Q: 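Structure incoming, see below.
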Amino acid sequence: MNFENTEIAFRQKSDEELKQSYRLFRLMSNSFLAKSGPPLIETALKMGLPVTSLIRKTLFKQFCGGETIEECEETIASLDKGYVGTILDYSVEGILSESTYTLTTEEIVRTINRAKNDRRIPFAVFKLSGVIRFKLLEKVSSGTTLTNAEQVEYFKAKGRINHICKTAYDAEVPVMFDAEESWIQKAADAIALDMMRLYNLEKAIVYNTYQLYRKDKLPLLENDVFLAEREGFVLGAKLVRGAYMDKEREKARQEKYPSPIHTNKDETDKAFNEALAFCVENLKDVAFIAGTHNEASCLVLTELMKKHNLPEDHAHIYFAQLLGMSDNLSFNLSYYGYNVAKYVPYGPVKQVLPYLFRRAEENKAVTGQMSRELALLAAEKKRRGI
Ligand SMILES: Cc1cc2nc3c(=O)[nH]c(=O)nc-3n(C[C@H](O)[C@H](O)[C@H](O)COP(=O)(O)OP(=O)(O)OC[C@H]3O[C@@H](n4cnc5c(N)ncnc54)[C@H](O)[C@@H]3O)c2cc1C
């Protein structure tokens, strides 16, 4: 397995697109710009300045498929040329009310229906906080008794989730629950398991996400696999390290409870790789997706598969990355026959800004990711002589 092959990694990009990506990653590597860019853009938008088209041509083009499902068609086709699947991710954040929860639910249902009978779109995905009020999830997670009105609200919200999962089941399109802050995850995990008990009897349709940066998640994963085996369903598991580390630590510090996050990166890495091994050893009861940009973890998984004599395209094992990132992993893995898919975020430009700002933030020069992406793009530019 060689993740350095930039010819395979960037085959889908024209010379011009490659140069654009290179310029964008160079800009993002400037810590000052990465830090001051987002607030400047927000101010400009509030002042009515025409920055939307600039964002559309830069960050949005790199990390999103389009504003609508239809606009993602080109990306779906392009990823498919490299044998990489698409996971349509409706990434609108921020505008939350009972009516938007219903609209978001309908949009997620549309992504599932779009994926039906299209092998190029192997999964659907959604965030629970996009369809249930965050504070309500938090209250349920804390174990506090709900008022009568809240019980009705929660009942209706669970109806929306069931609608999504039932649509996925009927369409035979697996759907993933993304994981969010630990203070809402208890409720989210319980709903996900309930849905699996309903819809995962023959195969994994509902997948929950396990954030291995949390100290309690490896034992929970092991417990859930045990439950699946005992109760006769297939556990669907997306394994990730976790995206809310600073927020988690800050809240724990402010509210004076022990941080749920591993004390250092090595411990998170160890837990993630152990989770991979545990899943590979229990493939009868679990279907899983390794959602990671970490090269070492991808290698660990390919080695584990070899060790267990598993075919590269085993139906219970997928690798997944985000659009616009780690193409060297996605396209090299798919080139060697592994199952790979990429999240393709979409939504109106202004409403996916929080998502885009997070990508810019994590691609600052200080993180290993940035220098890696930039180095790979530079290597491919050199190879093409452009
Ligand atoms: C397809 C896909 C789906 C995803 N879905 C989700 C999701 O549903 N929910 C979610 O929260 N995230 C999700 N993520 C994001 C993911 O959790 C990571 O934040 C991101 O991918 C970076 O981790 P990595 O495995 O790629 O590797 P790396 O870049 O090697 O690891 C970085 C991660 O390690 C952990 N870490 C870093 N420093 C420390 C430290 N000092 N102590 C302890 N841990 C540390 C953090 O989790 C950090 O994000 C997803 C990522 C992908 C690719």
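Predicted, not measured: the structure shown is a model, and the values here were computed from it. As the structure lists them, so they are numbered: ligands from 1, and atoms in each ligand from 1.
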Q: For the residue pair Phe63 and Phe25, categorise the inter-ring angle as parallel (less than 30°), tilted (30 to 60°) or perpendicular (more than 60°).
A: perpendicular
Q: I need the atoms of ligand 1 closer than 4.0 Å to a non-hydrogen atom of Ala320, numbered in the order shown.
A: 1 (C), 53 (C)
Q: Can you figure out which of Glu248, Lys265, Arg214, Glu181 has its heavy atom closest to atom 32 (C) of ligand 1?
A: Lys265
Q: Give the numbers and elements of all ligand 1 atoms closer than 4.0 Å to a heavy atom of Thr292.
A: 24 (P), 25 (O), 26 (O), 53 (C)
Q: Look at ligand 1 and say whether Glu180 reaches it with a heavy atom at a distance under 4.0 Å.
A: no
Q: Under a 3.5 Å threshold, yes or no: a donor from one side chain and an acceptor from the other, between Thr292 and Arg241?
A: yes
Q: Please determine whether a side-chain nitrogen of the Lys or Arg among Glu250 and Lys247 lies less than 4.0 Å from a carboxylate oxygen of the Asp or Glu.
A: no
Q: Counting only heavy atoms, tell me which of Ala290, Gly242, Ser259 gets closest to atom 48 (C) of ligand 1.
A: Gly242
Q: Does the N or O separation between Gln321 and ligand 1 drop below 3.5 Å for any pair?
A: no
Q: Enumerate the atoms of ligand 1 whose separation from the nearest heavy atom of Thr209 is less than 4.0 angstrom.
A: 7 (C), 8 (O)
Q: Does Lys215 come within less than 4.0 Å of Glu267, counting only side-chain N to carboxylate O?
A: no
Q: Enumerate the atoms of ligand 1 whose separation from the nearest heavy atom of His262 is less than 4.0 angstrom.
A: 42 (N), 43 (C)
Q: Determine whether the side chain, the backbone, both or neither of Lys342 has a heavy atom under 4.0 Å from any heavy atom of ligand 1.
A: neither
Q: Taking 4.0 Å as the limit for heavy-atom contacts, which would you say applies to Met245 with ligand 1: side chain only, backbone only, both, or neither?
A: side chain
Q: Any Lys/Arg nitrogen of Asp170 or Lys166 sitting under 4.0 Å from an Asp/Glu carboxylate oxygen of the other?
A: yes
Q: Taking ring-ring contact (aromatic ring centres under 6.0 Å, His included) as the definition, give me every residue that meets it alongside Tyr355, ordered by chain and number, with sequence neighbours left out.
A: none
Q: List ligand 1 atoms under 4.0 Å from Asp178, heavy atoms only on the residue side.
A: 5 (N), 8 (O)
Q: Using a strict 4.0 Å cut-off to heavy atoms of Tyr244, name the atoms of ligand 1 that fall inside it.
A: 11 (O)
Q: Short list, please: which atoms of ligand 1 are under 4.0 Å from a heavy atom of Ala243?
A: 10 (C), 11 (O), 12 (N), 17 (O), 19 (O)
Q: Below 3.5 angstrom, do we get any N/O pair linking Arg249 and ligand 1?
A: yes
Q: Hey, are the side chains of Met176 and Ile87 touching, using non-hydrogen atoms and a 4.5 Å cut-off?
A: yes
Q: Mind checking whether Thr268 has an N or O less than 3.5 Å away from an N or O of ligand 1?
A: yes
Q: Side chains of Ser141 and Gln185: do they bring a donor and an acceptor to under 3.5 Å?
A: no
Q: Could you list the residues that satisfy side chain to side chain donor-acceptor pair (under 3.5 Å) with Lys270, not counting sequence neighbours?
A: Glu274
Q: Would Leu333 end up clustered with Val280 when hydrophobic side chains under 4.5 Å apart are linked, directly or stepwise?
A: yes
Q: Which residue from Leu212, Val240, Asp89, Ile87 reaches closest to atom 50 (C) of ligand 1 through any of its heavy atoms?
A: Val240
Q: Taking NZ, NE, NH1 and NH2 as the nitrogens, is one of them in Glu138 or Lys135 under 4.0 Å from a carboxylate oxygen of the other?
A: yes
Q: Which is closest to atom 33 (C) of ligand 1 by heavy-atom distance: Arg372, Arg358, Arg241?
A: Arg241
Q: Have a look at ligand 1 and work out which part of Lys238, if any, has a heavy atom under 4.0 Å from it: side chain, backbone, both or neither.
A: side chain
